[in-house]
Amino acid sequence: GMLTLGQHINAISLGAITAGGRYGISDYLAQSQAHLSTGINSSTNTPGRESSFAFDKQRALCMALFGASYTIFPGYAIYNIIYPRISFFQSRPLTMAAFDVAVNCPFIFFPMF
């Protein structure tokens with residue numbers, strides 16, 4: 001059935017918090033892994049394994065805000081409004097996934113990123 005306005009708001013809010021946290025944590029992990037594997041401090045671009053890891057908070061915050069804002073605006077519309085209304089996709093989930101990978105990701109998600 002149709003969702004009420006309150007249910008849409010709750011879904012969008014939870015999605016934004018979850019995605020924002022996921023993107024922020026993922027960036028932290030990427031920064032720490034880059035430091036461990038290359039010895040280059042991602043915030044200062046200085047070499048040397050002995051250098052201490054300096055977490056770039058501004059970069060992680062930008063990633064978290066991107067994840068949250070993508071989820072709130074185009075992500076919610078694409079996955080919860082547009083895709084479910086395309087009758088061709090309703091009985092073909094693999095086709096919808098292929099379309100998502102071939103069209104949505106390269107032409108909508110990545111340019112925004």
Side-chain angles (χ1 to χ4, degrees):
M2 298 296 292
L3 296 177
T4 66
L5 179 60
Q7 290 170 324
H8 276 288
I9 291 170
N10 287 340
I12 292 169
S13 300
L14 182 61
I17 291 167
T18 303
R22 189 178 73 225
Y23 277 62
I25 291 168
S26 296
D27 186 63
Y28 170 79
L29 294 172
Q31 288 183 47
S32 62
Q33 183 60 37
H35 175 72
L36 289 174
S37 65
T38 64
I40 294 177
N41 191 318
S42 63
S43 63
T44 61
N45 289 325
T46 55
R49 290 189 184 276
E50 303 81 32
S51 65
S52 63
F53 173 62
F55 175 55
D56 188 346
K57 294 175 196 154
Q58 185 174 8
R59 177 181 135 167
L61 178 62
C62 285
M63 295 298 257
L65 290 174
F66 170 77
S69 62
Y70 180 82
T71 299
I72 290 171
F73 299 110
Y76 187 80
I78 290 166
Y79 296 112
N80 296 291
I81 298 171
I82 297 170
Y83 283 179
R85 291 185 181 169
I86 299 174
S87 61
F88 183 75
F89 289 154
Q90 289 176 357
S91 63
R92 296 173 182 91
L94 293 177
T95 303
M96 180 174 65
F99 178 84
D100 190 54
V101 170
V103 177
N104 178 46
C105 290
F107 298 109
I108 297 173
F109 179 79
F110 288 136
M112 291 178 71
F113 185 76

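For Y79, the ring-ring contact (aromatic ring centres under 6.0 Å, His included) partners at least two apart in sequence or on another chain are Y83.
The environment of CD in Q58 is sparse: at most 12 heavy-atom neighbours from other residues, nucleotides or ligands sit within 6.0 Å. Summarising the local packing, OH of Y76 is surrounded by more than 12 heavy atoms from other residues, nucleotides or ligands at distances under 6.0 Å.
To the nearest 0.5 Å, atoms CG (D56) and NE2 (H35) are separated by 13.5 Å. In this structure, CZ in R22 is found 13.5 Å from CD1 in I17, a value given to the nearest 0.5 Å. Rounding to the nearest 0.5 Å gives a distance of 9.5 Å between CD1 of I86 and CD of Q90. Interatomic distance, I9 CD1 to I72 CD1, rounded to the nearest 0.5 Å: 11.5 Å.
A continuous path of Ile, Leu, Val, Met, Phe, Trp and Tyr side chains, each step under 4.5 Å between heavy atoms, connects L3 with F73, placing both in one hydrophobic cluster. At a threshold of 4.5 Å between side-chain heavy atoms, the hydrophobic network of Ile, Leu, Val, Met, Phe, Trp and Tyr places I25 and F53 in one connected group. Hydrophobic clustering places F88 together with F99 (ILVMFWY residues linked when any side-chain heavy atoms are closer than 4.5 Å, directly or through intermediates). Taking hydrophobic clusters as Ile, Leu, Val, Met, Phe, Trp and Tyr residues chained together by side-chain heavy-atom distances below 4.5 Å, Y70 does not share a cluster with V101. A single hydrophobic cluster is not seen to contain both Y28 and M63; linkage of ILVMFWY side chains at heavy-atom distances under 4.5 Å, directly or through other members, places them apart.
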Please tabulate, for side-chain N and O atoms in residues 105-113, each donor-acceptor pair with protein atoms closer than 3.5 Å (sequence neighbours left out).
none

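Closest heavy-atom contact between A30 and R59: CB-NH2, 4.2 Å. Between F55 and A60, the shortest heavy-atom distance links the atoms CZ-CB, 3.4 Å. Minimum heavy-atom separation, A19 to G67: CB-O, 3.6 Å. Shortest non-hydrogen contact noted between A16 and T71 is N-CG2, 3.7 Å.
Panel note: side chain T18, backbone G15; no donor-acceptor pair is recorded below 3.5 Å.
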